[in-house]
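All remarks here apply to the structure that follows.
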Amino acid sequence: MSTAVYPTKLEREGERHLVITWSDGERRRYSLRELRDSCPCATCREKRNAPPPSPLMLPILTDAQIQPLAIAGMKPVGNYAYAIAFSDGHDTGIFTLDFLRELGQSVASPT
Ligand SMILES: [Zn+2]
């Protein structure tokens, strides 16, 4: 069953990382950038699949995008996913628990 494990604890680690403790004892550390770049919403998927922009074109960044990335909020969606709102104003990504288990890196539990 894919919904057998679920996060029991969400912790911020420094400015750029999130640590999730799972119900089976697994702890995983996620960089906020990784989460943002893995955003599974349709808009971001489309962007990732688009051909790279011309190297002569500079992206125009908004003020929010220039700020260091942070998580503005995480909200459970049913019992299978989290909606993650990022500080750059993007909040349409629904991260399923299965997907979150694949991202990040396993870290040792504190003893
Ligand atoms: Zn997205």
Side-chain angles (χ1 to χ4, degrees):
M1 268 300 285
S2 60
T3 51
V5 293
Y6 52 88
T8 57
K9 205 158 127 193
L10 303 171
E11 295 165 277
R12 210 182 293 233
E13 190 188 77
E15 299 275 288
R16 296 174 204 285
H17 291 90
L18 172 77
V19 174
I20 300 181
T21 306
W22 296 80
S23 56
D24 62 353
E26 168 95 347
R27 293 181 91 233
R28 299 189 78 78
R29 180 194 287 125
Y30 304 82
S31 96
L32 302 186
R33 177 52 60 188
E34 175 191 15
L35 290 173
R36 181 65 181 86
D37 289 345
S38 310
C39 178
C41 84
T43 310
C44 292
R45 275 205 314 258
E46 217 166 89
K47 249 185 227 173
R48 282 197 295 273
N49 292 333
S54 153
L56 296 176
M57 272 185 22
L58 291 170
I60 296 166
L61 299 174
T62 65
D63 279 355
Q65 286 172 321
I66 292 167
Q67 303 302 314
L69 187 71
I71 287 183
M74 265 178 100
K75 210 169 51 192
V77 178
N79 56 6
Y80 71 94
Y82 275 89
I84 301 182
F86 294 95
S87 58
D88 61 2
H90 192 70
D91 62 0
T92 48
I94 306 286
F95 291 73
T96 65
L97 300 184
D98 284 349
F99 187 46
L100 283 171
R101 285 285 290 206
E102 286 167 23
L103 297 173
Q105 281 183 318
S106 187
V107 290
S109 301
T111 48

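Remember, predicted model here, so these are calculated numbers, not experimental data.
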Just jot down the salt bridge (charged side-chain N to carboxylate O under 4.0 Å, His left out) partners of [X], sequence neighbours excluded, or say none.
X: Asp63; result: none
X: Glu34; result: none
X: Arg12; result: none

Excluding sequence neighbours, so at least two apart, what forms side chain to side chain contact (heavy atoms under 4.5 Å, CB included) with [X]?
X: Pro40; value: Phe95, Phe99
X: Thr92; value: Cys41, His90
X: Ile71; value: Leu18, Leu32, Leu35, Met74, Ile84, Phe86
X: Val107; value: Arg27, Arg29

Evaluate the criterion side-chain contact (heavy atoms from CB on, under 4.5 Å) for residue pair Arg101 and Val5; output intermediate values, then yes/no. CA-CA 9 Å; Arg101 285 285 290 206; Val5 293; 4.2 Å; yes
Those residues that, when tested against [X], pass side-chain hydrogen bond (donor to acceptor under 3.5 Å, both in side chains) (two or more places apart):
X: Gln105; value: none
X: His17; value: none
X: Ser87; value: none

Can you pull out every salt bridge (charged side-chain N to carboxylate O under 4.0 Å, His left out) where at least one residue sits in residues 78-95? Sequence neighbours excluded, please.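 Only Arg36-Asp88 qualify under salt bridge (charged side-chain N to carboxylate O under 4.0 Å, His left out).
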Using side-chain heavy atoms (C-beta onward) and a distance below 4.5 Å, is Tyr30 in contact with Ile20?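 Yes, at least one pair of side-chain atoms sits under 4.5 Å.
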Student check: side-chain heavy atoms of Tyr6 and Leu97 closer than 4.5 Å: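 Yes, close enough: below the 4.5 Å cut-off.
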Donor-acceptor check, side chain of Arg28 to backbone of Leu103, threshold 3.5 angstrom: yes or no?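 Yes, because the side chain of Arg28 sits within donor-acceptor range (under 3.5 Å) of the backbone of Leu103.
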Gap separating the OG atom of Ser38 from the CZ atom of Arg33, nearest 0.5 angstrom: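 Going from the OG atom of Ser38 to the CZ atom of Arg33 covers 10.5 Å.
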One pair to check against side-chain contact (heavy atoms from CB on, under 4.5 Å): Leu10 and Tyr82. What are the steps and the verdict? CA-CA 11 Å; Leu10 303 171; Tyr82 275 89; 4.1 Å; yes
Between side-chain atoms of residues 46-56 and protein atoms elsewhere (two or more places apart, or another chain), which donor-acceptor pairs fall under 3.5 Å?
| residue | atom | partner | partner atom | Å |
| --- | --- | --- | --- | --- |
| Arg48 | NH1 | Asp37 | O | 2.7 |
| Arg48 | NH1 | Cys39 | O | 3.1 |
| Arg48 | NH2 | Cys39 | O | 2.9 |
| Asn49 | ND2 | Arg45 | O | 3.2 |
| Ser54 | OG | Leu56 | N | 3.0 |

